[in-house]
Amino acid sequence: MTTIKDLAKATGLSVTTVSRALNGYSDVNEETRKKIKQAAEEMNYRPSAAARSLVMKKSRTIGVIISDINRAGVKDALAYEILCGINDCSTMLDYDILLFSTSSKKQLKKSYSDLCRERGVDGAIVFGLRVNDPYLEEIVSKADYPCVLIDIPVESKNAGHVTTDNVYGATLAVNHLLELGHRKIAMINGHNEAAVSIRRLEGYKQALEKAGIPYDPELVFDGNFSEDGGCEAMHRILLNHPEVTAVFSASDLMVLGALRAMEMLKRQVPQSLSIVGYDDIPVAAYCSPKLTTIRQDKYEMGYQAAQLVIDMMENRQMDRKIVLQNELIIRESTRAIP
């Protein structure tokens with residue numbers, strides 16, 4: 001394999017001059033640069049990423065840290081769509097990505113900064129964190145590496161975030177049910193350690209309050225953002241709160257479980273109960289009934305997160321708070337009160 005030393009010998013130039021020319025330094029004159037590049041092409045030279053990072057003191061690599069990745073997330077494909085956005089933006093801007101999986105327990109053994117340092121990344125995009133995870137506290141208070149959080153609205157010296165307007169999205173969902181005449185509206189939330197759960201619950205409360213309907217905490221059930229959790233929550237709603245005519249779920253995945261519970265108890269959607277989900281996952285348009293839901297652009301979240309962290313790594317001045325809007329998609333799972 002051709003090395004920089006081979007190029008230096010072939011061109012009669014120093015290793016330093018060859019290295020600086022290949023790495024784009026301006027103190028190498030254009031005629032010398034062309035000579036070196038021509039020799040590199042003729043000798044089939046391929047630069048070493050490790051050597052280049054030593055010279056430039058940058059790896060041009062972004063760490064993508066996902067918390068609690070598992071097969072249960074296959075149906076909602078949220079992580080995949082976010083990753084596609086991150087990858088496309090990074091590739092376009094000539095950055096590589098490294099994918100890491102973490103959990104609350106792993107974070108106690110290795111800090112965020114140590115992980116970035118050991119893996120040689122210039123910055124990171126993090127999603128799936130809980131609000132009490134060790135990494136979140138470290139990123140906000142003392143992290144040395146630029147970081148963009150997805151769906152956790154936090155800003156600090158080295159951190160920015162990309163999210164959708166979860167309060168607004170939840171109000172869109174509940175207002176749709178209110179406009180259809182529903183007044184007894186339950187909520188299947190995720191869990192109280194997720195930032196999006198906190199925000200979507202706030203939107204649910206705001207919509208009810210604006211309609212003059214008192215908030216009843218007895219009508220809010222945690223489904224842990226899982227299909228089984230949604231099924232269990234819907235069972236409890238149907239058995240303990242027969243007065244409920246509509247449900248707002250903080251994720252479509254939980255709606256899939258809720259539909260399973262409805263089927264087991266021989267109840268039909270939307271004939272006996274209307275449901276609005278959240279996320280607009282691919283299966284939402286194909287299940288029976290097709291789901292009315294809140295669409296958030298997961299791909300764009302990933303794309304914007306990559307652009308933001310690269311801007312931060314390259315010391316550009318920018319707004320570190322990016323909030324994308326959501327959209328109500330009306331399908332078959334909701335109907336007006338007869």
Side-chain angles (χ1 to χ4, degrees), residues 1 4 19-26 28 33 37 40-41 45-67 69 77-102 110-129 135-136 138-140 143-152 154-164 296-324:
M1 186 173 67
I4 285 183
S19 176
R20 295 182 73 82
L22 293 174
N23 285 295
Y25 282 89
S26 59
V28 179
R33 191 187 309 279
K37 286 188 174 181
E41 290 177 9
Y45 169 75
R46 294 292 179 268
S48 162
R52 184 175 64 177
S53 68
L54 285 173
V55 173
M56 303 297 290
K57 296 184 179 178
K58 289 184 178 179
S59 66
R60 297 192 72 83
T61 303
I62 301 166
V64 180
I65 304 172
I66 308 177
S67 183
I69 189 169
L78 294 178
Y80 178 73
E81 291 194 48
I82 290 171
L83 281 171
C84 286
I86 292 171
N87 181 67
D88 286 355
C89 181
S90 302
T91 300
M92 185 183 71
L93 297 175
D94 194 28
Y95 276 80
D96 294 321
I97 61 174
L98 284 178
L99 179 62
F100 309 114
S101 175
T102 188
K110 181 173 292 186
S111 72
Y112 163 77
S113 295
D114 284 344
L115 179 63
C116 291
R117 188 176 300 108
E118 289 176 12
R119 301 295 182 168
V121 300
D122 297 331
I125 298 168
V126 183
F127 61 100
L129 288 186
Y135 274 12
L136 183 57
E138 181 187 355
I139 288 166
V140 171
D144 298 327
Y145 289 82
C147 177
V148 171
L149 295 156
I150 292 180
D151 263 341
I152 299 182
V154 165
E155 292 178 79
S156 68
K157 179 183 176 182
N158 282 312
H161 73 268
V162 176
T163 185
T164 61
Q296 54 175 352
D297 194 334
K298 287 80 68 179
Y299 175 90
E300 186 65 17
M301 290 171 71
Y303 196 97
Q304 292 286 347
Q307 180 66 70
L308 178 55
V309 78
I310 290 170
D311 284 342
M312 292 169 66
M313 291 188 299
E314 296 184 356
N315 297 315
R316 284 192 281 270
Q317 295 298 316
M318 80 302 292
D319 187 354
R320 296 186 180 184
K321 174 184 178 182
I322 298 176
V323 181
L324 306 175

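The model shown is predicted, which means the values in this text are computed figures rather than measured ones. The first residue in the sequence is number 1, and the count goes up from there.
- Interatomic distance, CD of E118 versus OG of S113, reported as 11.0 Å (0.5 Å rounding).
- Between D88 and Y299 the shortest side-chain heavy-atom distance falls below 4.5 Å.
- Nearest heavy atoms, I97 versus S90: CG2-OG, 3.6 Å.
- Taken to the nearest 0.5 Å, the OH atom of Y95 stands 9.0 Å off from the OG1 atom of T61.
- Residues F127 and L78 form no side-chain contact, since every pair of their non-hydrogen atoms from C-beta on lies 4.5 Å or further apart.
- You'll find the side chain of V162 reaches within 4.5 Å of the side chain of M301, heavy atoms only.
- Using a 4.5 Å heavy-atom cutoff, the side chains of Q307 and I322 are not in contact.
- Residues S101 and I66 have side chains not in contact (no heavy-atom distance under 4.5 Å, counting atoms from C-beta outward).
- Residue I86 comes nearest to G302 through the heavy atom pair CG1-O, 3.3 Å, listed as atom of the first residue, atom of the second, then distance.
- Closest non-hydrogen pair, L93 versus R60, comes out as O-NH2, 3.0 Å.
- A heavy-atom distance below 4.5 Å is not found between the side chains of N158 and Y145.
- Atoms SG and CD, from C84 and E300 in turn, are 13.0 Å apart once rounded to the nearest 0.5 Å.
- Counting all heavy atoms, side chain and backbone alike, Y135 lies closest to Y112 at CE1-N, 3.2 Å.
- Heavy atoms only, all atoms of each residue included: A124 and V309 are closest at O-CG2, 3.6 Å.
- In this structure the side chain of L99 reaches within 4.5 angstrom of the side chain of L83, judged on heavy atoms.
- Counting only N and O atoms by type, the side chains of D297 and Y303 include no donor and acceptor under 3.5 Å apart.
- K298 contributes atom NZ, which lies 12.5 Å from atom CD1 of I150 (distance to the nearest 0.5 angstrom).
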* Is there a side-chain contact (heavy atoms from CB on, under 4.5 Å) between T102 and K110 once you walk through the steps? -> CA-CA 10 Å; T102 188; K110 181 173 292 186; over 6 Å; no

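- Taking all atoms of both residues into account, the shortest heavy-atom contact from T164 to D151 is N-OD1, 4.0 Å.
- Rounding to the nearest 0.5 Å places CZ of R320 at 12.0 Å from CG of L149.
- Put simply, CG on L308 and SG on C89 are 10.0 Å apart, with the number rounded to the nearest 0.5 Å.
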